[in-house]
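Protein chains get the first letters and strands the later ones, always in sequence-line order, with residue 1 at the start of each. Here the structure is a predicted model, which is why all the values come from computation and not from measurement.
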Amino acid sequence: MTDIRVRFAPSPTGYLHVGGLRTALYNYLFAKKNNGKFILRIEDTDRNRYVEGAVENLIKALKWAGLEYDEGPDAGGDFGPYMQSQRLEIYKKHADELIAKGHAYYCFCTPERLQSLREEQEKQKLPQAKYDKHCLSLSKSEVEKKLQSDIPHVVRLNVQPNQRIVFDDIIRERVEFDSSNVDDQVLIKSDGYPTYHLANVVDDHLMQISHVIRGEEWLSSTPKHVLLYDAFGWKRPKFAHLPLLLNPDKSKLSKRQGDVAVEDYRDKGFLKDALVNFVALLGWNAGDDKEFYCMNELIEKFSLERVNKSGAVFDLQKLNWLNAEHLRKMDDQIILQLLKREILNSEFPVSPDASRSGSILNLPDNYLLQVISAMKERVSFVKEFITTCQYFYTAPVEYEQKSVEKNWKTDTPEQLKKLREAFASLNNPSKEDYEHTLAKIAEELNIGKGKLIHPLRLAVSGQSTGPGMFDLLFILGKDEVVKRIDTAIEKIVLRDGSF
RNA sequence: GGCGCAUUCGUCUAGCGGUCCAGGACGCCGCCCUCUCAAGGCGGAGAUCACGGGUUCAAAUCCCGUAUGCGCUACCA
């Protein structure tokens, strides 16, 4: 059996599209599962679309998602370079070979002639616009002469009409085309750069790619590629054309209808594990009910045979759910590292005149770990996590009108004072100590614990929702709790004046 | 227009001739738990399996048409 070698071959458009992420992921999973190699190749043959920094961006996003490649522009490999713009001579050589064999030919037609040809064919209502092989009839000497005098030219594939082109696709099984529907595709552009079709086939062969796993948008041009493999006398790789990712309205996933760049999701606080998990499930499943996967499990279970045929809508709600699910199951220590890194290298606002303990980065780890386990259940995003943590530590407590109305009763100040005294007398209290203390007072006052907890939450956090009450008290610490109760009584009574 | 690919709850999907008057998940609704929000538990609504013909004792599952959607149709990938 030949070695499994697959590649992700994006053109650098500026960012990694989530559809591209899925394509890369399937390639990666397939390679890892089969002990193969996963290769990154940059298809930068369109000089007009060159974007500064696009390659670096792409690589960054890929690595963030955990898709490490075995060979690539910055990873080395025996088949390099892995940027097509650096392999121009290779394509030139192979184009020459095709010309010599009669499978390709020079074409000197001007864009203007091609344009009018198309218009003419349009007018005649021909089923499709195709190049008319005009330059194929040029004699050898004519071609020589034009070449000598530097007339702009391209190299075209010489397609023989009326032939059946059949190939197998792992996902779609057998696909057939009639070569009469295949145009004499340009192989080398007039600027000397190859088109996708040539570069792709040549590189896939030279790099010994065994499986071409790519988006469905390439299915229609596969006959051209097949023709090229045959013309060179090369063995065809196995093809697998993946279903497309769709907008909610079922059109191809696009920027207009939401975020498409993986960096957008990363910046919003989505976990890479969640994004990867989610995107893996868009068009593939193991055949059981399992939906929560980590990368290793995906590798273990993945198979191309179980990839679906039809497009899948990118459903943000399900992504949100998976993200929360991953966050909940994540180890506290790892979240801690993540939060610190996020805070350190993000633009997250740390209020300079924070009236309290300062940035949560100043807190000891064991405290932060407490925060994390207290927050884990209710916070689903890394960003939200930070905001919430930061809020409890540094933001001046703002009393929301709504919460005050809901939780501040006439007898609240008295009750809070009782709590305050009781808490103040505690020595280095634990969560349980707070709970027992509060329970005792509730009993004395002959009221339910909830009657105390809600006003206390308001006093201490300014909000009516948050982490578990006793977690919060413990995290804030006795002194802070006492101080906040005092502030609350003072502020809310003053503000309202009526109590 | 031509060529190609697809079509099961709103969405992601299971299903590869009988176990399906179609199962799971997200979302939605209700109840329970509860110090809030979540989480969790339980239950519910939600798909004439795009439509029409076949084949078969039997079809979501096989075949053929139609419709719809999407992709390609560039010296873009």
Item checked: Whole-Å distance separating the OH atom of A/Tyr434 from the C1' atom of B/C35 -> 16 Å

Notebook entry, point to check: Which of parallel (below 30°), tilted (30 to 60°) and perpendicular (above 60°) describes A/Phe381 and A/Phe270?
Noted result: perpendicular

Notebook entry, point to check: B/C76 phosphate, OP1 or OP2: any side-chain N/O from A/Lys189 under 4.0 angstrom?
Noted result: yes

Checklist line | First encountered from the 5' end of RNA chain B, between A/Glu377 and A/Gln84 | finding: A/Glu377

Check: When we call it a touch if two heavy atoms are under 4.0 Å apart, what does A/Phe278 touch: a base, just sugar-phosphate, or nothing?
Finding: nothing

Next item on the list: Determine the Euclidean distance between corresponding C1' atoms of B/U55 and B/A47; express it in Å to zero decimal places.
Entry: 26 Å

Check: Any idea which of B/C75, B/C5, B/G40 is nearest the A/Leu219 side chain?
Finding: B/C5

Item checked: A/Asp332 versus A/Leu369, closest heavy-atom pair with distance -> O-CD1, 3.8 Å

Next item on the list: For A/Arg378 and for A/Val154, find the nucleotide of RNA chain B with the closest heavy atom, then tell me which residue's nucleotide is more 5'.
Entry: A/Arg378

Check: If we take the P atom in both B/U19 and B/G23, what is their distance in whole Å?
Finding: 12 Å

Notebook entry, point to check: Can the ring centres of A/Tyr26 and A/Phe302 be said to be less than 6.0 Å apart?
Noted result: yes

Margin query: Under 4.0 Å from OP1 or OP2 of B/U11: is there any side-chain N or O of A/Lys250 that close?
Written below: yes

Check: Less than 3.5 Å between a donor and an acceptor, one on the side chain of A/Arg457 and one on the base of B/C35, is that the case here?
Finding: yes

Between the protein and nucleotides 13-17 of chain B, list the N/O to N/O atom pairs that are separated by less than 3.5 angstrom.
{"unit_1": "B/U13", "atom_1": "OP1", "unit_2": "A/Gly283", "atom_2": "N", "d": "2.8"}
{"unit_1": "B/U13", "atom_1": "O3'", "unit_2": "A/Asn285", "atom_2": "ND2", "d": "2.7"}
{"unit_1": "B/A14", "atom_1": "OP1", "unit_2": "A/Asn285", "atom_2": "ND2", "d": "2.7"}
{"unit_1": "B/A14", "atom_1": "OP1", "unit_2": "A/Asn308", "atom_2": "ND2", "d": "3.3"}
{"unit_1": "B/G15", "atom_1": "OP1", "unit_2": "A/Arg306", "atom_2": "NH1", "d": "3.2"}
{"unit_1": "B/G15", "atom_1": "OP1", "unit_2": "A/Arg306", "atom_2": "NH2", "d": "3.2"}

Check: Would one find a side-chain N or O of A/Thr45 under 4.0 angstrom from OP1 or OP2 of B/A77?
Finding: yes

Note to self: Ring-plane angle category for A/Tyr105 and A/Tyr131, please: parallel below 30°, perpendicular beyond 60°, tilted otherwise.
What the structure shows: parallel

Next item on the list: Please state how far atom CD in A/Gln463 lies from atom P in B/A38, giving the value in whole angstrom units.
Entry: 14 Å

Notebook entry, point to check: When you check the side-chain N and O atoms of A/Asn285 and A/Arg306, is any donor under 3.5 Å from an acceptor?
Noted result: yes

Note to self: Counting only side-chain heavy atoms from C-beta out, which of B/A77, B/C3, B/C75 sits nearest to A/Arg118?
What the structure shows: B/C75

Next item on the list: Indicate, with a heavy-atom threshold strictly under 4.0 Å, whether A/Pro248 touches base, sugar-phosphate, or nothing.
Entry: nothing

Checklist line | Spacing between A/Lys309 atom NZ and B/G71 atom P, to the nearest angstrom | finding: 20 Å

Check: With distance as the sole criterion, do the side chain of A/Lys376 and the base of B/A39 form a donor-acceptor contact below 3.5 Å?
Finding: no

